[in-house]
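Step one of this worksheet: look at the structure below.
Order of appearance sets the numbers: ligands from 1, and atoms from 1 within every ligand. Source: prediction; values computed, not measured.
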Amino acid sequence: MSEKDMDKIVSLCKRRGFIFPSSEIYGGLASTWDYGPLGAEFKRNLKDSWWKAVVHKRDDIEGLDAAILMHPKTWKASGHVDGFTDALVDCKNCKKRFRIDHLPGEGDFKKCPECKADINLKETPPRLFNLMLKTFLGPVEDEGAVSYLRPETAQGIFVNFLNVINSRHRKLPFGIAQIGKSFRNEITPGNFTFRTREFEQMEIEYFVSPEDSQQWYEKWVQERFEWYLNLGIKKEKLRLRVHAQNELAHYAKACTDIEYLFPFGWSELEGIANRGDFDLKQHADLSAKDLTYFDQAKNKRFLPYVIEPSGGVDRAALAFLVDAYREEEVNGTIRIVLGLDKKLIPYKVAVLPLLKNRADIVEMAKKICDSLKNKTVVKYDDTAAIGKLYRRQDEIGTLYCVTVDVQSLEDNRVTVRERDSMQQERIETSILEKYLTDKLA
Ligand code: GAP
């Protein structure tokens, strides 16, 4: 896939209602996106698949939904107030500001990527810029009212460690999972929804005893890699990248990224880190609360270590979209198919009348559609001729199209067309529900 193919994804997302530029009627807000009717369904399915895999199907993980606004001391403890910074340099010529690691040039002599002017770092030294989005709580906008929009969901989990352990009588190893919005004032957002200032994360903090941490870290790397493969990502487009010692975050003892080969290159979808006892230690220090765990079998008290699989919902969504997009030639024309896994597709079934002007056909199609609504996500559509309707459903990934025609009125059979093979079968309406639910299970 090339950059041109990325444009095709962006175009399909807009055309079919997956992703729109935010506040578009006002000219849009840079690098901010809204998920449309199809995108909202797709993203919800993605999050549900994650939640099912890491919370419902496991006995060792609890779910959580913490507030976005947290006590400001949280961000002092986590290191975000002092350390969540990018070094930025101003270009005196065009007055734009850039991350120092994004400037071409050698040593102190750099070039402005916008206007190509020389930048001498001795004259305009880099300044640290905090990436947290600041706001004020209450009616007075002073220092005492400062609050932050959380830059990661992880800290909501750490500050609830005691609450979960006490309310759920948990023993190590166990984890807490949550999905939610995070905010970062990114200096260089871009690549569609890949890097934005408002995004969703799906994070697990998995608490273990220190001596078991390496083993759990390796287990989680494997587990999370397989999650993407099980949902249909092509194996050759997914890889693991182990962080070198000198690129580890200050809290991490080890970290492995899961990367996807996007049209713009290999890029991070998720990081799995061994955070040691950094977070619980910091929060224990600043809150003066005892966050140690008592291990009855070993008869000792200690701060658990944490293994953190931390992924981005929007990045995973983009990877699945890019991976699923394909064009094929059918009878001399190009058919676009979004070959998403059945768990992720927005609509599972579409019911289409062959002739929208025949009241009896329309009535039968709507009846069939209604009867399927309790079993699956099904949509009725009669807004175009059948060929066009099939192609539209292919583009949004719908796995089955059920078509009602004149013959259906007589023999109570409908045509079921499968997305990938385009094979059609005549199915009796009395067994249609079972036929589809078996296929979609
Ligand atoms: N709690 C650890 C943490 O937040 P991170 O590597 O900064 O680690 C985790 O973020 C994941 O969140 C990333 O792998 C990525 O998928 C997603 N993410 C981070 N910043 C993002 C941004 N600006 N836009 C979209 N997704 C982002």
Item to complete: Look at the aromatic rings of Y400 and Y435 and report parallel, tilted or perpendicular, splitting at 30° and 60°.
Response: perpendicular
Practice prompt. Could you tell me the residue and atom name of the protein heavy atom closest to atom 17 (C) of ligand 1, and the distance to it rounded to 0.1 Å?
Written response: G312 CA, 3.7 Å
Worksheet item: What pair of heavy atoms forms the shortest contact from K181 to R150, and how long is it?
Response: O-NE, 2.6 Å
Discussion item. As a check for students: among F158, Y251, F199, identify the option with a heavy atom nearest to atom 22 (C) of ligand 1.
Written reply: F199
Fill in: Heavy-atom nearest neighbour in the protein, as seen from atom 24 (N) of ligand 1, with distance rounded to 0.1 Å
T196 N, 3.0 Å
Practice prompt. Could you tell me whether R326 and E328 make a salt bridge, using a distance below 4.0 angstrom between a side-chain N and a carboxylate O?
Written response: yes
Practice prompt. Can you label the angle between the W51 ring and the H56 ring as parallel, tilted or perpendicular, going by 30° and 60°?
Written response: perpendicular
Worksheet item: Passes side-chain hydrogen bond (donor to acceptor under 3.5 Å, both in side chains), D323 versus Y325? Steps please.
Response: CA-CA 6 Å; D323 208 66; Y325 181 95; over 6 Å; no
Discussion item. Whether K219 engages the ring of W216 as a cation-pi pair (distance to the six-membered ring centre under 6.0 angstrom, angle to the ring normal within 45°) should be assessed.
Written reply: yes
Item to complete: Could you check atom 10 (O) of ligand 1 against the protein and tell me its nearest heavy-atom contact, residue, atom and distance included?
Response: Q201 NE2, 3.4 Å
Practice prompt. Run the numbers for me: atoms of ligand 1, each under 4.0 Å from some heavy atom of E186, listed by number.
Written response: 20 (N), 22 (C), 23 (N)
Worksheet item: Which is closest to atom 5 (P) of ligand 1 in terms of heavy atoms, E270, R315, R184?
Response: R184
Discussion item. Whether R315 engages the ring of F194 as a cation-pi pair (distance to the six-membered ring centre under 6.0 angstrom, angle to the ring normal within 45°) should be assessed.
Written reply: yes
Worksheet item: Using heavy atoms and a threshold below 4.0 Å, how should the contact between S310 and ligand 1 be classified: side chain, backbone, both, or neither?
Response: both
Practice prompt. Identify whether NZ of Lys or CZ of Arg in K300 sits under 6.0 Å from the centre of the six-membered ring of F302 and within 45° of that ring's axis.
Written response: yes
Discussion item. At under 4.0 Å between heavy atoms, is it the side chain or the backbone of L269 that contacts ligand 1, or both, or neither?
Written reply: backbone
Practice prompt. Identify, by atom number and element, the atoms of ligand 1 in contact range of R195, meaning under 4.0 Å from any of its heavy atoms.
Written response: 23 (N), 24 (N)
Worksheet item: To the nearest 0.1 Å, how far is atom 6 (O) of ligand 1 from its closest protein heavy atom, and which atom is that?
Response: E268 OE2, 3.3 Å
Discussion item. Under a 4.0 angstrom heavy-atom cut-off, which atoms of ligand 1 come close to A154?
Written reply: 1 (N)
Worksheet entry | Heavy-atom gap R275 to ligand 1 smaller than 4.0 Å | yes
Discussion item. Please list, in number order, the atoms of ligand 1 under 4.0 Å from a heavy atom of E203.
Written reply: 1 (N), 2 (C), 3 (C), 4 (O)
Discussion item. Residue-level breakdown please: for E308 versus ligand 1, do any non-hydrogen atoms fall below 4.0 Å on the side chain, on the backbone, on both, or on neither?
Written reply: side chain
Discussion item. Below 30° counts as parallel, above 60° as perpendicular, anything between as tilted: where do the rings of F84 and H80 land?
Written reply: perpendicular
Discussion item. Distance to the ring centre below 6.0 angstrom and angle to the axis at most 45 degrees; does that hold for K43 and Y35?
Written reply: yes
Worksheet item: Quick one: does D314 get a heavy atom under 4.0 Å from ligand 1?
Response: no
Discussion item. So if I count the atoms of ligand 1 from 1 in the order they appear, which ones are less than 4.0 Å from some heavy atom of F194?
Written reply: 24 (N), 25 (C), 26 (N)
